[in-house]
Engineer: 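First the structure, then my questions, so here it is.
Reckoned from all heavy atoms, side chains included, excluding hydrogens, waters and symmetry mates. Whatever order the structure lists ligands and atoms in, that order sets their numbers, starting from 1.
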Amino acid sequence: MILIAATGNAGKIKEIKEILSDFEILSLKDIYFEEEIEENGKSFFENALIKAKAVYDFSRQNYPEAIVLADDSGLEVEALGGKPGIFSARYAGKDAPQEALIQKVLQEMKAIPEAKRQARFKCCMALLSADGEAFYSQGYCEGRIGFERRGENGFGYDPIFLVKEFDYQKTMAELSSEEKNRISHRRKALDAIKERLAGGAMV
Ligand code: IMP
């Protein structure tokens, strides 16, 4: 079974491949998908479905039997009313480097005390079967926003996210990929996807 991961984000692809290591996974690069998908949905799930559908339509000619998996995810910070949320990738403007996004969140959180720095990563996935049937899953990872960036692993906001499951002692970027993949929002969303695929319902 071929699974096409409908994301151009190298960090997400790496983690999806590590967690779904039993599957043959193609990236957008592998299928020569170069369109820019407009993510104009109002929720993570809407955006995941928009991405999955665009890639599903594109891939039918060459990969009619492939299933498509899209991941829309982001950071929700309680003290910022849930922001950056669905705007996580473009919080500091379209095409702004990740460091600018991190600095923007750190700046907005500057005066917020430790007890009020709760945040979570959220991952929503949409899976489309070869016949276009949709299945959805989601996963969360709880934590807190740190006062400075720490660690070099992972991607995105990982360096400023202190992980609850590690007693807020480590940022997500200080975890090894095995550690992150054991507790992450993406892992939790993918567990349900794995179960669905193992049941043979989507093929
Ligand atoms: P999307 O492509 O619209 O889903 O963008 C998601 C954005 O959320 C990414 O560009 C990252 O900034 C952030 N993000 C999603 N998942 C993670 C993660 O596992 N760690 C850190 N940041 C993440």
Engineer: Looking only at the side chains, is there a donor atom on one of E34 and Y32 sitting less than 3.5 Å from an acceptor on the other?
Structural biologist: no
Engineer: Considering G8, G156, S73, which one's heavy-atom position lies nearest to atom 7 (C) of ligand 1?
Structural biologist: S73
Engineer: Pull out every atom of ligand 1 sitting under 4.0 Å from any heavy atom of F121, numbered as shown with elements.
Structural biologist: 20 (N), 21 (C), 22 (N), 23 (C)
Engineer: Hey, which of Y157, Y140, F161 is the one that makes ring pair (Phe, Tyr, Trp, His ring centres under 6.0 Å) with F121?
Structural biologist: F161
Engineer: Counting N and O atoms only, with roles assigned by atom type, does the side chain of K188 sit under 3.5 Å from a partner on the main chain of I183, one being a donor and the other an acceptor?
Structural biologist: yes
Engineer: Would a single hydrophobic cluster contain both L75 and F87, if residues Ile, Leu, Val, Met, Phe, Trp and Tyr are joined by side-chain heavy-atom contacts under 4.5 Å?
Structural biologist: no
Engineer: Can you tell me if K51 has a non-hydrogen atom under 4.0 Å from ligand 1?
Structural biologist: yes
Engineer: Enumerate the atoms of ligand 1 whose separation from the nearest heavy atom of D158 is less than 4.0 angstrom.
Structural biologist: 18 (C), 20 (N), 21 (C)
Engineer: Is there a heavy atom in M172 that sits closer than 4.0 Å to ligand 1?
Structural biologist: no
Engineer: Identify the closest protein heavy atom to atom 10 (O) of ligand 1: which residue and atom is it, and at what distance?
Structural biologist: A89 CB, 3.7 Å
Engineer: If you count the non-hydrogen atoms of other residues, nucleotides and ligands that lie under 6.0 Å from CD in E99, is the total more than 12?
Structural biologist: yes
Engineer: Using heavy-atom distances only, which candidate in F161, Y91, Y157 approaches atom 22 (N) of ligand 1 most closely?
Structural biologist: Y157
Engineer: Which residue supplies the protein heavy atom nearest to atom 3 (O) of ligand 1, what is that atom called, and how far is it?
Structural biologist: E39 OE1, 3.1 Å
Engineer: Going by heavy atoms, is R90 under 4.0 Å from ligand 1?
Structural biologist: no
Engineer: Please check: side-chain N/O of R117 versus main-chain N/O of G146, any donor-acceptor pairing under 3.5 Å?
Structural biologist: yes
Engineer: Measuring from the heavy atoms of L75, does anything fall under 4.0 Å of ligand 1?
Structural biologist: no
Engineer: I'd like to know if L101 and L80 are part of one continuous hydrophobic network [Ile/Leu/Val/Met/Phe/Trp/Tyr, side-chain heavy atoms within less than 4.5 Å].
Structural biologist: yes
Engineer: What is the nearest protein non-hydrogen atom to atom 16 (N) of ligand 1, stated with its residue, atom name and distance?
Structural biologist: R186 NH2, 2.9 Å
